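To keep things clear, I will list the structure first and then write my remarks on it.
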Amino acid sequence: MTMPIHVTSEIGKLDVVMLKRPGQEVENITPDTMPRLLFDDIPYLPIAQKEHDNFAQILRDNGTEVLYLEDLAAEAIDAGNVKEAFVEKMLRESDYAVGADHDALKEFLMSLDTHAMVNQLMIGVRKNDIDFKPTDLVSAAEDSEYPFFMDPMPNLYFTRDPAASIGDGLSINHMTFAARQRESMFMEAIIKYHPRFANKGLHVWRDRNHTHRIEGGDELVLSDHVLAIGVSQRTSATAIQDIARNLFKDSKYDTVIAIKIPHNHAMMHLDTVFTMINYDQFTVHPGILGEGGKIDTWTIHPTKDGDLTYEHNQDLKAVLKKELGLDDLDLIPTGNGDPIVAPREQWNDGSNTLAIAPGVVVTYDRNYVSNEMLRQHGLKVLETISSELSRGRGGPRCMSMPLVREDLK
Ligand SMILES: NC(=O)NCCC[C@H](N)C(=O)O
């Protein structure tokens, strides 16, 4: 029986994927909150939705079943009969553990049907959504001008990050910034309660109850025994050690390649600068490579007594060839390596390709130089429209959480 989560590569035919259609949460970004909510501009929602529907349709047209986070979350909460517990937990993580504001918010959220409640949590709760005037010190002294009781979660359409499928399981992630920390609660509920996933023997390799951060954009499943994980703005070396230990103990995974990338918003995750697109082909943003193409990598293996060994290397190509057992490797530079085109296209996720089968990728249409390069290197490129979605700083890989991929032959 195929497991409800089964991902042993970045490139096996994509059978099932989870997306989140951008909704009103995106309209709740303002210029003041943009930096904190991790956006560099405000997408125009009707167009962003059209673009997202186009992306989903490309996936369906190529034989992928598309599931939506918002539906799975509501179905899970109903199936587990945990609406009140979920609302309580969300309130607690939104800093409303007790008190009159907690009670008013809880009453409002519980009055909605489960789908509407899930959507409302994603959209955020504005102060004028409910008939309640707070009288506490925080509201009076600190928050009086702030329009929200509960912040929107506009990054939810990047389903790649709050959780990551690995083998017959997943990591449910402790996210770096407050703006995204509550997001992984939805996946936690789905795995625990949704009939499609609950009690099916799925492994949670690392859950969200940790202080050290890791995000799915950094977690790349290179094969059925090798992962690459970015040491990045969003993923700490400690979290990488943790997940490596857990995987080495209970799965076929025996190799994690930790790759150190610059710590900034344009390159926040490994998949913004490096993705696998075929058995022996990768995209790479030249901006992560130092003099002579060097980059710091550490290959991690288990010892017999459950400890870890680390091998430092600065030749990414050599490391990948060795660990994947390849004779040669094609690293395709974003924007053809041009000093203007490469950073421009990387900014709009020109390196963030989603492979839906070996050698078949979905990319943003705006990155036409990188797309042309991919075609010249023999890839089939399916372009998706991208003027608004890209304002959130994520591309096709970021916007998709593969749940099932076919194993490679
Ligand atoms: N895997 C990815 O690179 N995801 C893109 C996340 C973009 C989002 N605005 C963020 O900063 O977290």
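Both ligands and their constituent atoms are indexed starting at 1 by order of listing. Since the model is a prediction, treat every value here as computed from it, not as a measurement.
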Identify, by atom number and element, the atoms of ligand 1 in contact range of T272, meaning under 4.0 Å from any of its heavy atoms. 3 (O)
Enumerate the atoms of ligand 1 whose separation from the nearest heavy atom of H269 is less than 4.0 angstrom. 1 (N), 2 (C), 3 (O), 4 (N)
Identify, by atom number and element, the atoms of ligand 1 in contact range of R234, meaning under 4.0 Å from any of its heavy atoms. 10 (C), 11 (O), 12 (O)
Over 60° means perpendicular and under 30° means parallel, so classify the ring planes of H52 and Y157, tilted if in between. perpendicular
For G217, the ligand 1 atoms with a heavy-atom partner under 4.0 Å come out as 1 (N)
E93 and its salt bridge (Lys or Arg N to Asp or Glu O under 4.0 Å) partner, picked from R182, R208, R180: R208
Would you say OH of Y279 has more than 12 non-hydrogen atoms from neighbouring residues, nucleotides or ligands within 6.0 angstrom? yes
One should read off an interatomic distance between L308 CG and T303 OG1, to the nearest 0.5 angstrom, of 7.0 Å
Taking only non-hydrogen atoms of N155 and a 4.0 Å limit, the atoms of ligand 1 in range are 8 (C), 9 (N), 10 (C)
More than 12 heavy atoms of other groups within 6.0 Å of R36 CZ: yes
If the cut-off is 4.0 Å to any non-hydrogen atom of H265, which atoms of ligand 1 fall inside it? 11 (O)
Hey, is R180 touching ligand 1 through its side chain, its backbone, both or neither, going by heavy atoms under 4.0 Å? side chain
Using a 4.0 Å cutoff against the non-hydrogen atoms of D271, which atoms of ligand 1 qualify? 1 (N), 2 (C), 3 (O)
Short list, please: which atoms of ligand 1 are under 4.0 Å from a heavy atom of C398? 1 (N), 2 (C), 3 (O), 4 (N), 5 (C)
Rounded to the nearest 0.5 Å, how far apart are CZ of F282 and CD1 of I11? 8.0 Å
Ligand 1-proximal atoms of D161, by part, heavy-atom distance under 4.0 Å: side chain
